[in-house]
Amino acid sequence: MAINQSRIETLNQNPVQSGDYILYWMQSAQRSEYNHALELAISKANQHKQPLVVYFGLTDDFPQANLRHYQFMLEGLKEVAVQLKERRIKFILKLNSPPTGAIKLAQAASLVVTDRGYLRLEKKWRSEVAAKINCPLLQVETNVVVPVAEASDKQEYAAYTLRKKIKGKREDYIRPIEQLEVEQSSLDLEISGIDLRDIETIIDKLDINRSVSPVKKFKGGYSQAKELLAEFIAAKLADYPDLSADPTVDCLSHLSPYLHFGQISPVEIAREIKQAASPGEEEFLEQLIVRRELAINFVHYNQNYDGPLEKILPDWAVETLNEHESDKREYIYSEAELEQAKTHAPYWNAAQEEMVLTGTMHGYLRMYWGKKILEWTAKPETAFQLALKLNNKYQLDGRDANSFAGVAWCFGKHDRAWAERGIFGKVRYMNASGLERKFEIDRYLAKINQLKKD
DNA sequence: ATCGGCTCGCGCAA
DNA sequence: TGCGCGAAGCCGAT
């Protein structure tokens with residue numbers, strides 16, 4: 001089945017060159033399965049009777065990334081290298097800035113294909129490559145179900161406005177992808193890259209922040225993602241509507257980090273979920289498609305997604321937070337106190353510890369956690385920056401569109417006004433009593449205590 | 001245990 | 001122009 005045209009965009013006006021190969025510059029879709037960019041690149045290679053080279057640029061100064069993220073990403077890339085080799089495609093990993101390497105390799109390419117990213121740096125890299133190469137640059141949108149501009153032409157106000165727009169289009173995009181075979185192998189081409197069989201050696205060479213250790217619980221890569229997905233469908237999906245909000249039980253897919261690095265496709269996940277024909281289907285697809293793509297809509301149409309808040313939030317939220325900026329705070333914690341989980345609030349401390357230890361935090365607690373940072377910090381803008389910083393440092397899915405949208409939600413983004421109160425103004429308030437009322441939250445404390453002992 | 005009120009603005013129906 | 005309703009809210013009254 002052909003790739004939907006609305007996934008594809010030409011980023012420059014260059015004619016096809018008579019080069020030695022077609023190049024796929026892989027960046028946001030780090031996988032061989034269900035990768036529309038890769039399949040388009042293969043079809044272009046076959047059409048021009050050329051081999052396909054896949055390149056990935058590994059830069060050690062990616063903003064806010066640390067050892068935890070590099071380890072997870074390289075575990076995934078190691079698997080990509082094996083899978084591409086089986087498909088007779090050469091995978092070249094270079095230790096350089098992604099666009100720099102792409103521009104170099106494009107000199108001998110007839111045409112370049114890349115995947116789409118929505119953050120500022122990802123967009124900047126692509127326009128730089130588009131401008132500096134002589135051949136065409138085709139961008140393929142493969143990390144979403146519904147392409148961002150196809151879903152909506154503007155920044156959406158809330159989930160309900162996007163949901164309506166996605167509803168009718170969703171099914172057209174949840175469809176299988178035809179996995180093509182290359183007619184010409186590129187394995188014999190003499191282009192050198194880093195050997196991915198030994199990722200420890202690669203990591204040793206990188207000049208990166210090593211203060212955050214890799215997590216034991218989750219290993220990167222497509223096969224790990226598939227295992228988690230299968231386990232989720234078999235054991236959790238049916239209970240998802242009832243239990244997904246409860247931090248004391250594990251009724252989550254844990255796929256967010258894999259989606260973040262493009263190690264698995266949301267289209268493949270959606271297909272498997274639908275095939276399961278489970279009562280949890282709609283609730284899960286709501287998270288996977290509506291909520292996730294609302295976050296992508298946000299960062300795509302609002303390039304101030306990391307602040308300041310006045311450029312992110314609706315007017316009512318900006319006004320109300322401003323009005324309450326000098327309200328007295330009962331507790332004000334420093335960055336270090338928050339980071340080290342030294343507050344008076346046990347559930348908050350436990351959530352922070354979960355994030356530091358495991359690279360993830362239960363979704364419900366992410367909201368409570370962010371709300372309390374707003375409450376315990378001198379100014380909303382400082383709170384927002386601090387919450388983002390901690391989130392992006394420790395979460396395996398940090399820096400994702402979901403990170404920016406999720407943290408902004410705690411300050412009123414994609415939400416509505418509520419009864420006015422101190423500090424929060426009309427921004428939705430959450431407290432520990434809510435956790436106690438809804439869940440047997442002490443079990444969460446026990447779980448985290450156990451985690452600390454292991 | 002359950003319920004209404006709090007409060008804003010989008011987007012559809014009219 | 002009116003109106004329904006929205007990521008998981010809280011709080012006080014019954």
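Within every chain, numbering begins at 1; the chains are lettered A, B, ... in the order of the sequence lines, protein sequences first and strands thereafter.
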| Interatomic distance where OH belongs to A:Tyr157 and C1' belongs to B:dC12 [whole Å] | 16 Å

| query | Do A:Asp400 and A:His260 pass the side-chain hydrogen bond (donor to acceptor under 3.5 Å, both in side chains) test, and can you show the C-alpha distance, the side-chain angles, and the key distance before you say yes or no? | reply | CA-CA 6 Å; A:Asp400 195 85; A:His260 171 72; 2.8 Å; yes

| request: Give one of base, sugar-phosphate or nothing for A:Lys154, where a contact means two heavy atoms less than 4.0 Å apart. | output: sugar-phosphate

| Aromatic centroids of A:His344 and A:Trp376 separated by under 6.0 Å | yes

| query | What interatomic distance, in whole Å, is found between P of B:dA1 and the corresponding atom of C:dA7? | reply | 28 Å

| said: What is the distance, to the nearest angstrom, from the CH2 atom on A:Trp316 to the P atom on B:dC6? | reply: 17 Å

| said: In this structure, how many angstroms lie between the C1' atom of B:dC6 and the CE atom of A:Met430, rounded? | reply: 17 Å

| query | Between A:Asp115 and A:Arg126, does at least one N-O distance fall below 4.0 Å, as a salt bridge requires? | reply | yes

| message | Nearest whole Å is fine: how far is C:dA7 P from A:Ile166 CD1? | response | 13 Å

| Where the side chain of A:Arg437 is defined as all heavy atoms beyond and including C-beta, which of C:dA7, B:dG9, C:dC10 is the nearest nucleotide? | C:dC10

| query | Do A:Lys328 and A:Glu375 sit within salt-bridge range, that is, some charged N less than 4.0 Å from a carboxylate O? | reply | no

| message | Once you apply a heavy-atom cut-off of 4.0 Å, does A:Ala245 come out as touching a base, just sugar-phosphate, or nothing? | response | base

| query | Applying a 3.5 Å limit to both distances, which nucleotide forms a Watson-Crick or G-U wobble pair with B:dC3? | reply | C:dG12

| task | Without swapping roles, check the side chain of A:Thr114 against the backbone of A:Trp25 for a donor-acceptor pair under 3.5 Å. | result | yes

| What's the CG-C1' distance between A:Asn431 and C:dA8, to the nearest Å? | 13 Å

| message | Please confirm whether the shortest side-chain N or O distance from A:Lys426 to OP1 or OP2 of B:dC6 is below 4.0 Å. | response | no

| task | Would you kindly give the CG-to-C1' distance between A:Leu162 and C:dG6, to the nearest whole Å? | result | 14 Å

| Sugar-phosphate, base or nothing in reach of A:Glu286, heavy atoms under 4.0 Å | nothing

| Reckon A:Tyr429 touches a base, only the sugar-phosphate, or nothing at all at heavy-atom distances under 4.0 Å? | sugar-phosphate

| request: Using a heavy-atom cut-off of under 4.0 Å over every strand shown, decide if A:Lys371 touches base, sugar-phosphate, or nothing. | output: nothing

| Which atom of A:Met26 lies closest to which atom of A:Phe56, heavy atoms considered | O-CD1, 3.1 Å

| message | In this structure, how many angstroms lie between the P atom of B:dC10 and the CG atom of A:Leu294, rounded? | response | 15 Å

| Nearest listed nucleotide, side chain of A:Ala417, among B:dG11, C:dA7, B:dC8 | B:dC8

| task | May I have the distance from A:Arg416 (atom CZ) to C:dC5 (atom P), rounded to whole angstrom? | result | 12 Å

| How would you label the contact of A:Arg421 with the nucleic acid (heavy atoms, under 4.0 Å): base, sugar-phosphate, or nothing? | sugar-phosphate

| Using purine N1 to pyrimidine N3 plus N6-O4 or O6-N4 for Watson-Crick, or N1-O2 and O6-N3 for G-U wobble, both under 3.5 Å, which nucleotide pairs with C:dA7? | none

| query | Which is true for A:Trp418 with a 4.0 Å heavy-atom rule: it touches a base, it touches only sugar-phosphate, or it touches nothing? | reply | base

| field | P gap between B:dT7 and C:dG12, integer Å | value | 15 Å

| query | So what does A:Arg366 touch, heavy atoms closer than 4.0 Å: a base, only the sugar-phosphate, or nothing? | reply | nothing

